[in-house]
Amino acid sequence: MYVALLFVILFVIAVLAFFEDDEIQKRGWLLFVLATVLTLCVAFRPEGIDKDYNAYLGYYKNPTDIVASLTEPTFKIISGFARFFDAPLMIFVIYAFLAVPLKICAIKRLSPYWYLSILLWFTHLFVIQEMTQIRVAVASGIFLFSLPYLADGKKLKFAFCLLLAILFHYSALALLPLLLFGNKELTRPFRVVLVAVPILMYAFPFIGMDMLKLIPIPFIQQKLQMYEELMIYEGGVWADINIYNAMALVRLFAYYVLIWKYDYLKDKYPYMPVMLKAFCLSICMYVGLSFLPPIAMRIEELIAIIDCIMFPLLAVLLRPHWLGRLLVVIYAICILLANIFLYKLLKI
């Protein structure tokens, strides 16, 4: 029944995305109603429908457990607040009311195609994050919301947002390299660098290069080495990552198309430079840390929130434009079907 409700919402968003224009965007009540419905769907989802629900209840009941003690400070505060009122549901309600409105507001700030972006987020990361990895959901929302600060050169505000994101999920530490960049016009030499870096990252496994040796910080090297050895000792709890999976290749293809059409898109979308740099970081982190699957997947999913902004830009490259929108809608629907029926991220 709950999954059926998600598909009803999917249909509504898909219609809005396909017919979106200035008139639809002027009707702010539509966005408000959609944000409210999505927030309530996350906050009051059936118990145990996702893979992490019971784990969070376990953290709530046993805060001194070794795993629970390693969670971020914000989770300890929120779960302690829920424990004070003896209401574990409050954990999911609070995270839902933080993550979903934050993402909607961020999309409204960043995307020229609100509903197409919401559709892409809803069919992919909504299920993975808002419905499952609730701490990452808030962290990625803060990251997406803060990108205009980075683009406008307000690095102190961006750094504060990153600190806040880290307090919600430690994987946000991977976003720190973005402080070195901005929204400065991409020169042709720098575009060549953006083209070459992912290719080099994909080449490392073939030439036997150890990514640990490329990180110039001994403390981080030691921590990653310990994590790698622990995984081996425990018999490989996490399956190996196939860096050539369909989703990874689609993202790589989209990345190169956006670089190819940079000159055309930069006039239509002012945040192209900084978004392409973040896109590059996402790909490189995923491939470069693939020897540590849980870390690679968490970081990739955290930064992949930018996909909901970047993929709709591909739609304007096709003529007629309705065909581009249709292809993006079909792609989004296929992602949701795969997440629910193939990867079984939700119980049907």
Side-chain angles (χ1 to χ4, degrees), residues 2-3 5-7 9-10 13 38-39 41-43 45-56 71-72 75 91-92 95-96 98-104 106-107 117-145 165 168-172 174-175 237-239 241-243 245-251 254 278-279 281-283 285-286 289-290 292-311 328 331-348:
Y2 185 82
V3 172
L5 174 62
L6 293 182
F7 277 98
I9 296 173
L10 168 67
I13 301 175
L38 291 175
T39 301
C41 281
V42 174
R45 61 188 180 275
E47 181 175 343
I49 193 170
D50 61 90
K51 294 184 178 181
D52 286 4
Y53 195 100
N54 292 326
Y56 280 114
T71 56
E72 296 76 13
F75 180 79
I91 295 175
F92 304 99
Y95 273 98
L98 287 173
V100 176
L102 191 59
K103 294 261 180 73
I104 297 288
I107 286 173
S117 291
I118 291 172
L119 178 69
L120 286 161
W121 159 59
F122 175 75
T123 56
H124 183 38
L125 292 177
F126 181 86
V127 176
I128 295 175
Q129 293 180 355
E130 273 70 20
M131 294 289 296
T132 309
Q133 302 162 9
I134 58 178
R135 289 140 55 216
V136 181
V138 179
S140 67
I142 295 171
F143 161 59
L144 191 66
F145 187 84
F168 275 95
H169 202 275
Y170 293 135
S171 63
L175 300 172
V237 175
W238 289 79
I241 286 179
N242 173 19
I243 59 177
N245 65 72
M247 176 66 76
L249 294 179
V250 168
R251 296 188 76 239
F279 206 159
L281 179 65
S282 173
I283 293 170
M285 286 288 188
Y286 179 67
L289 293 174
S290 59
L292 292 175
I295 294 178
M297 292 173 68
R298 287 292 184 271
I299 293 175
E300 188 267 345
E301 290 164 358
L302 171 71
I303 311 177
I305 186 63
I306 65 170
D307 288 8
C308 70
I309 307 297
M310 301 302 279
F311 274 63
V328 174
Y331 169 76
I333 292 172
C334 289
I335 293 298
L336 183 61
L337 290 172
N339 282 334
I340 293 178
F341 297 107
L342 180 61
Y343 302 118
K344 302 185 184 302
L345 296 182
L346 298 178
K347 291 182 181 179
I348 303 175

**Mutual orientation of the aromatic rings belonging to F92 and Y56 [parallel < 30°, tilted 30-60°, perpendicular > 60°]** =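 Rings of F92 and Y56: perpendicular, as their planes differ by over 60°.
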**Prompt:** Relative to each other, are the rings of Y95 and F168 parallel, tilted or perpendicular (30° and 60° limits)?
**Reply:** perpendicular
[X] to [Y] - nearest heavy-atom pair and separation:
| X | Y | answer |
| --- | --- | --- |
| S282 | I303 | CB-CG2, 3.6 Å |
| P46 | Y2 | CD-CD1, 3.4 Å |
| A278 | F143 | CB-CZ, 4.4 Å |
| Y343 | K51 | O-NZ, 3.7 Å |
| Y286 | N242 | OH-O, 3.9 Å |
| C41 | L5 | SG-CD2, 3.9 Å |

Answer whether the closest heavy-atom distance between the side chains of [X] and [Y] falls below 4.5 Å.
| X | Y | value |
| --- | --- | --- |
| V138 | F75 | no |
| T123 | I333 | no |
| I335 | M247 | yes |
| L346 | L6 | yes |
| C308 | F122 | no |
| L120 | D307 | no |

Just list the side-chain donor-acceptor pairs under 3.5 Å for residues 125-133, sequence neighbours left out, or say none.
| residue | atom | partner | partner atom | Å |
| --- | --- | --- | --- | --- |
| Q129 | OE1 | K103 | NZ | 3.3 |
| Q129 | OE1 | S140 | OG | 2.8 |
| Q129 | NE2 | E301 | O | 2.8 |
| E130 | OE1 | K103 | NZ | 3.4 |
| E130 | OE1 | W121 | NE1 | 3.3 |
| E130 | OE2 | K103 | NZ | 2.5 |
| T132 | OG1 | V127 | O | 2.9 |
| Q133 | NE2 | E301 | OE1 | 3.4 |

**Item:** Nearest-0.5 Å distance that lies between atom CG in L144 and atom CG in L302
**Value:** 10.5 Å
**Prompt:** Distance-only, no hydrogens or angles: does the R251 side chain make a donor-acceptor pair with backbone N or O of A248 under 3.5 Å?
**Reply:** no
**Prompt:** Side chain of D52, backbone of A55: donor and acceptor closer than 3.5 Å?
**Reply:**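 Side chain of D52 to backbone of A55: no pair is present.
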